[in-house]
Amino acid sequence: MQTHDLEKRFQEKIDAEIKIEPKDWMPDAYRKNLIRQISQHAHSEVVGMLPEGNWITRAPSLRRKLILMAKVQDEAGHGLYLYSAAETLGASRDDLVMDLLNGKAKYSSIFNYPTLTWADIGAIGWLVDGAAIMNQVMLTRTSYGPYARAMVRICKEESFHQRQGYEIMLTLAKGSPEQKAMAQDALDRWWWPSLMMFGPHDSESTHSEQSMKWKIKRKSNDELRQAFVDATVPQAELIGLKVPDPDLKWNEERGHYDFGEINWDEFWNVVKGHGPCNKQRLDTRRKAWEDGAWVREAAMAYAEKKAARRLQQSGEEAA
Ligand code: 3HC
């Protein structure tokens with residue numbers, strides 16, 4: 001069948017809401033776009049463990065430490081899940097990780113900000129995981145089967161992440177004046193970088209138009225950002241915190257909040273590697289890769305030995 005006919009049949013499947021599976025024919029550009037997005041999603045999960053991991057030994061109680069440990073472990077699992085989804089498209093996990101460590105692949109800008117106080121852990125759960133949920137619930141309906149199914153599992157854990165973060169902020173906001181000030185300071189520092197997680201404006205987005213046509217994306221960057229603001233502002237007000245945006249105002253006519261302009265210079269500066277923690281994050285991931293080399297070698301040696309033994313046994317049985 002001609003490529004033109006294959007592409008036509010592929011788009012008909014997408015339009016008919018038929019999931020694309022690993023063994024199905026797909027345009028190279030679809031495959032490439034998915035490997036790009038899924039691998040960067042996986043990198044984000046793994047790098048995202050670092051800012052929070054910084055507070056596991058400093059958590060204010062055993063309960064908070066246990067919850068934070070569970071959350072950070074969940075993020076590792078999300079990363080592995082997503083690397084596996086990328087591998088179903090023919091990508092090699094080692095190549096994907098090398099692209100991250102060599103600075104070729106992106107991960108979410110949000111993880112390049114420092115976690116200065118315990119309230120940051122609350123703000124990350126509430127805002128960062130809250131923004132991630134907005135995006136990931138949409139991705140449970142993405143056209144690529146393995147990605148959509150991975151999202152169903154991940155979203156269940158993300159809602160626990162968001163709730164525990166909001167509970168930290170609620171506890172602080174209802175605490176002493178110093179605790180409330182710490183929560184407000186964290187909101188001030190994490191609000192705008194959280195809005196940046198949704199990516200550039202639709203008009204500046206490289207991939208959105210094609211990703212929407214292929215139903216990789218179901219909602220645009222700006223639609224998801226708006227939904228996040230609409231859902232999160234009332235949550236801040238409920239616990240007596242003030243969103244750091246003088247232009248924030250409910251617009252009855254639109255049925256949404258109007259809000260100020262993002263600092264896109266800051267966004268692209270961070271995406272290009274010049275954020276507060278970019279170097280620290282990649283150095284840590286490179287060290288983890290080097291320190292873990294012996295584990296990978298041992299696992300590979302064991303797998304090869306096991307395969308050789310199985311081959312020998314089947315040879316003996318056949319004889
Ligand atoms: N940080 C870094 N790079 C970003 C970015 C961000 N916040 N937003 C956009 N970009 C990059 C894109 O990757 C693209 O660069 P590339 O071509 O080199 O990949 C460029 O900016 C243009 O952006 P587009 O809007 O054209 O890119 P997309 O169509 O891919 O949309 C996205 C960006 C909405 C982030 C989309 O990639 C996506 O939905 N990804 C899956 C979800 C994800 O990765 N979330 C990140 C957070 S994960 C997380 O928070 C884990 C939680 O457990 C804490």
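Ligands are counted one by one from 1 in listed order, and the atoms in each one are counted from 1 as well.
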* Tyr81 ring centre to Arg153 NZ or CZ under 6.0 Å, with the angle to the axis within 45°? -> yes

* Protein residue, atom and distance nearest to atom 27 (O) of ligand 1, heavy-atom basis -> His207 CD2, 3.6 Å

* Asked: If you link I, L, V, M, F, W and Y whenever their side-chain heavy atoms are under 4.5 Å apart, who else ends up in the same group as Leu311?
  -> none

* Structure fact -> Per-atom filter on ligand 1: closer than 4.0 angstrom to a heavy atom of Ala132 are 49 (C), 50 (O), 52 (C)

* Distance-only N or O hit between ligand 1 and Ser211, under 3.5 Å -> no

* Asked: Do Tyr144 and Trp214 touch side chain to side chain, with heavy atoms closer than 4.5 Å?
  -> no

* Asked: Out of curiosity, is Pro200 lining ligand 1, as in a heavy atom under 4.0 Å away?
  -> yes

* Please identify which atoms of ligand 1 are closer than 4.0 Å to at least one heavy atom of Lys217. => 25 (O), 28 (P), 29 (O), 31 (O)

* At the 4.0 Å heavy-atom cut-off, does His161 count as touching ligand 1? -> no

* **Atom indices of ligand 1, in the order listed, that fall short of 4.0 Å to a heavy atom of Asp129** => 52 (C), 53 (O), 54 (C)

* Do Arg296's NZ or CZ and the ring of Trp289 fall within the cation-pi criteria of under 6.0 Å and 45°? -> yes

* Identify the protein heavy atom lying closest to atom 7 (N) of ligand 1, giving its residue, its atom name and the separation to 0.1 Å. => Ser109 OG, 3.1 Å

* **Heavy atom of protein closer than 4.0 angstrom to atom 32 (C) of ligand 1** => no

* Asked: For atom CD of Glu21, is the number of surrounding heavy atoms from other residues, nucleotides or ligands below 6.0 Å larger than 12?
  -> yes

* **Atoms of ligand 1, numbered as shown, that sit under 4.0 Å from any heavy atom of Ser205** => 24 (P), 25 (O), 26 (O)

* Asked: Which residue supplies the protein heavy atom nearest to atom 4 (C) of ligand 1, what is that atom called, and how far is it?
  -> Phe267 CZ, 4.1 Å

* Structure fact -> Looking only at protein heavy atoms, what sits closest to atom 11 (C) of ligand 1 is Lys106 CD, 3.8 Å

* Asked: Crowded around Lys219 NZ? As in, over 12 foreign heavy atoms under 6.0 Å?
  -> no

* Hey, what else clusters with Ile67 if you join Ile, Leu, Val, Met, Phe, Trp, Tyr whenever side-chain heavy atoms sit under 4.5 Å? -> Phe160

* What protein heavy atom is closest to atom 21 (O) of ligand 1, reported as residue, atom name and distance in Å? -> Trp268 CH2, 3.7 Å

